[in-house]
Protein chains: 2
Amino acid sequence: MEHRIEKIKKQLHSQSYKLTPQREATVRVLLENEEDHLSAEDVYLLVKEKAPEIGLATVYRTLELLSELKVVDKINFGDGVSRFDLRKEGATHFHHHLVCIECGSVAEIEEDLLGEVESQVENQWGFEVKDHRLTFHGICKSCQKQTVTATTTTHMEQ
Amino acid sequence: MEHRIEKIKKQLHSQSYKLTPQREATVRVLLENEEDHLSAEDVYLLVKEKAPEIGLATVYRTLELLSELKVVDKINFGDGVSRFDLRKEGATHFHHHLVCIECGSVAEIEEDLLGEVESQVENQWGFEVKDHRLTFHGICKSCQKQTVTATTTTHMEQ
DNA sequence: CTCTGTGCAAAGACTTTGCAAAGTA
DNA sequence: TACTTTGCAAAGTCTTTGCACAGAG
């Protein structure tokens with residue numbers, strides 16, 4: 001944890017940015033909620049617990065800065081809110097997501113999965129792949145169990 | 001073209017919706033710009049040429065309706081605007097996109113590519129895949145040619 | 001006549017920007 | 001001092017909603 005903060009601090013410094021208390025608090029929230037795909041608002045509320053005087057604009061600015069530095073990835077599951085996801089240590093590619101259309105849960109897949117597909121795209125379409133976004137929509141394990149007996153009709157948008 | 005309008009008309013009727021002139025104009029714009037990934041605003045401006053009296057709200061409502069009927073897919077390339085993409089005839093899966101980070105162009109891939117990956121997700125994670133979104137970010141063919149000699153530094157956000 | 005659909009304007013949600021004040025090297 | 005960062009409030013952008021009116025069956 002401290003080690004990852006240090007690393008981010010160095011990344012900031014290397015571009016002449018500072019790791020201010022507000023930025024550090026923001027990064028800590030992201031580290032403590034790595035699995036959660038927080039929206040800017042979510043981050044703001046959590047950061048406020050550590051640093052009550054922080055402004056929402058600062059959180060937005062910090063998240064944007066971290067995006068530029070590729071410390072976090074900005075993602076969008078189609079609900080009109082940007083979400084922010086910390087890059088894993090040493091991750092070479094952007095991880096994938098499984099969004100459950102029943103309960104809205106979001107799981108992550110770290111495995112690459114796309115290696116072959118990417119070379120196919122490069123060879124067949126002449127497109128030089130730099131990054132990707134892959135999201136599966138479907139029914140998660142626990143909702144499958146429930147749906148066997150129940151006749152749920154709850155759905156999520158998009 | 002007329003045949004596809006007819007089909008959509010039937011789909012609407014089957015759910016007790018009508019294909020009003022405004023809705024038809026909207027569908028026609030989508031059909032005529034199938035490759036273009038139009039935003040709601042784009043669609044609005046184009047529909048206005050055919051039906052100047054239409055309101056922006058109607059376009060939004062129509063696009064949402066068409067999304068629900070799965071006539072169009074709502075996508076988001078991370079620029080804060082929803083874009084709308086007509087489903088291809090008989091398409092069983094959502095097609096993929098190649099977004100060029102130099103020039104912003106968006107190309108489509110109709111090939112499935114993910115069949116194997118999906119079964120892997122189903123088997124290994126117990127997640128029942130219903131749909132997917134796959135977007136590659138990178139450099140398109142024509143930008144690659146240019147960048148060989150030029151030292152372009154133009155970038156697109158996210 | 002009844003119910004659906006429309007246009008307009010207003011409201012809403014999310015995000016960005018301007019600016020003076022505060023902090024840092 | 002010179003430069004970066006912050007908080008607040010205001011403005012911006014995209015989208016949805018409320019409502020009276022028009023239209024189809």
Side-chain angles (χ1 to χ4, degrees), chain A residues 8-27 29 37-69 71-84 157-158, chain B residues 8-9 11-27 29 37-69 71-84 156-158:
Chain A
I8 290 166
K9 188 172 177 179
K10 278 181 195 150
Q11 275 183 272
L12 284 165
H13 285 169
S14 75
Q15 315 255 165
S16 329
Y17 293 118
K18 297 162 195 164
L19 184 62
T20 63
Q22 290 89 338
R23 288 179 182 163
E24 181 170 337
T26 305
V27 170
V29 163
H37 308 91
L38 303 173
S39 66
E41 184 87 33
D42 295 336
V43 174
Y44 173 60
L45 293 174
L46 288 167
V47 173
K48 278 213 116 164
E49 294 172 10
K50 293 182 197 298
E53 74 296 347
I54 201 171
L56 178 56
T58 302
V59 172
Y60 271 102
R61 284 184 282 227
T62 301
L63 292 172
E64 209 211 296
L65 179 59
L66 295 174
S67 280
E68 277 166 24
L69 295 178
V71 170
V72 303
D73 282 302
K74 195 177 178 182
I75 41 174
N76 203 306
F77 292 128
D79 59 354
V81 213
S82 293
R83 297 178 180 280
F84 297 86
E157 293 309 306
Q158 224 220 8
Chain B
I8 291 166
K9 189 173 178 178
Q11 276 184 271
L12 284 165
H13 286 169
S14 75
Q15 315 254 163
S16 326
Y17 293 118
K18 298 163 194 164
L19 183 64
T20 63
Q22 289 89 337
R23 288 179 183 164
E24 180 169 337
T26 305
V27 170
V29 163
H37 310 91
L38 304 172
S39 67
E41 184 86 32
D42 295 336
V43 174
Y44 173 61
L45 294 174
L46 289 167
V47 174
K48 278 213 117 168
E49 294 173 8
K50 294 182 198 297
E53 73 296 348
I54 201 171
L56 178 56
T58 301
V59 171
Y60 270 101
R61 285 184 282 229
T62 301
L63 291 172
E64 208 212 298
L65 179 58
L66 295 174
S67 280
E68 277 166 24
L69 295 177
V71 170
V72 303
D73 281 302
K74 196 176 177 181
I75 40 174
N76 204 306
F77 293 128
D79 58 355
V81 213
S82 294
R83 298 178 179 279
F84 298 86
M156 233 183 82
E157 291 312 304
Q158 221 217 8

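Protein chains get the first letters and strands the later ones, always in sequence-line order, with residue 1 at the start of each. All figures in this text were calculated on a predicted structure; none of them were measured in a lab.
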Short of 4.0 Å, heavy atom to strand atom, which residues of residues 12-22 of chain B count as contacting DNA chain D?
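Here the set is empty: none.
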Roughly, in whole Å, what's the span from [atom1] in [X] to [atom2] in [N]?
X: Y60(B); N: dT6(C); atom1: OH; atom2: P; answer: 16 Å
X: R23(A); N: dG23(C); atom1: CZ; atom2: P; answer: 15 Å
X: L56(A); N: dT15(C); atom1: CG; atom2: P; answer: 9 Å

Could you check whether any side-chain heavy atom of V71(B) comes within less than 4.5 Å of a side-chain heavy atom of V27(B), counting everything from C-beta outward?
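A side-chain contact under 4.5 Å is absent here.
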Side chain proximity check, T62(A) to Q22(A), heavy atoms < 4.5 angstrom:
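T62(A) does not reach Q22(A) side chain to side chain.
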How close do Q11(A) and L69(A) get, heavy atom to heavy atom, and via which atoms?
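In terms of heavy atoms, the two residues are closest at NE2-O, 3.5 Å.
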Heavy-atom closest contact (T26(A) atom, V47(A) atom, distance):
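Closest approach of T26(A) to V47(A), heavy atoms only: CA-CG2, 3.8 Å.
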Applying a 4.0 Å non-hydrogen cut-off, can you work out what E53(B) is touching in the nucleic acid: base, sugar-phosphate, or nothing?
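Sugar-phosphate: the residue E53(B), judged by heavy atoms under 4.0 Å, touches backbone atoms but no base.
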So what does S82(A) hit on the nucleic acid, given a heavy-atom distance under 4.0 Å: a base, only sugar-phosphate, or nothing?
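Sugar-phosphate, backbone atoms only, no base.
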Does a nitrogen or oxygen in the side chain of R61(A) sit under 4.0 Å from OP1 or OP2 of dT15(C)?
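Indeed not, no polar side-chain atom of R61(A) lies that close.
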Pairing residues for [X] by the side chain to side chain donor-acceptor pair (under 3.5 Å) criterion, not counting sequence neighbours:
X: E24(B); value: R28(B)
X: K9(B); value: none
X: K18(A); value: none

List the residues meeting side chain to side chain contact (heavy atoms under 4.5 Å, CB included) with [X], not counting sequence neighbours, and say none if there are none.
X: E53(A); answer: A51(A)
X: R83(B); answer: H37(B), S39(B), D42(B), I75(B), F77(B), D79(B), V81(B)
X: K48(B); answer: Y44(B), I54(B)
X: S82(A); answer: K74(A), N76(A), F84(A)

Between T58(B) and A40(A), name the one whose nearest nucleotide on DNA chain C is closer to the 5' end.
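Nearest nucleotide further toward 5': that of T58(B).
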Dot-bracket, DNA chain D: Watson-Crick or G-U, under 3.5 angstrom, [ ] crossing, | other strand?
|||||||||||||||||||||||||
Nearest heavy atom decides the nucleotide; on that basis, is L65(A) or K48(A) closer to the 5' end of DNA chain D?
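Residue closer to the 5' terminus by nearest nucleotide: L65(A).
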At the 4.0 Å heavy-atom cut-off to chain B, mark where contacts on DNA chain D begin and end, going 5' to 3'.
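From 5' to 3', the first and last contacting nucleotides are dC14(D) to dG18(D).
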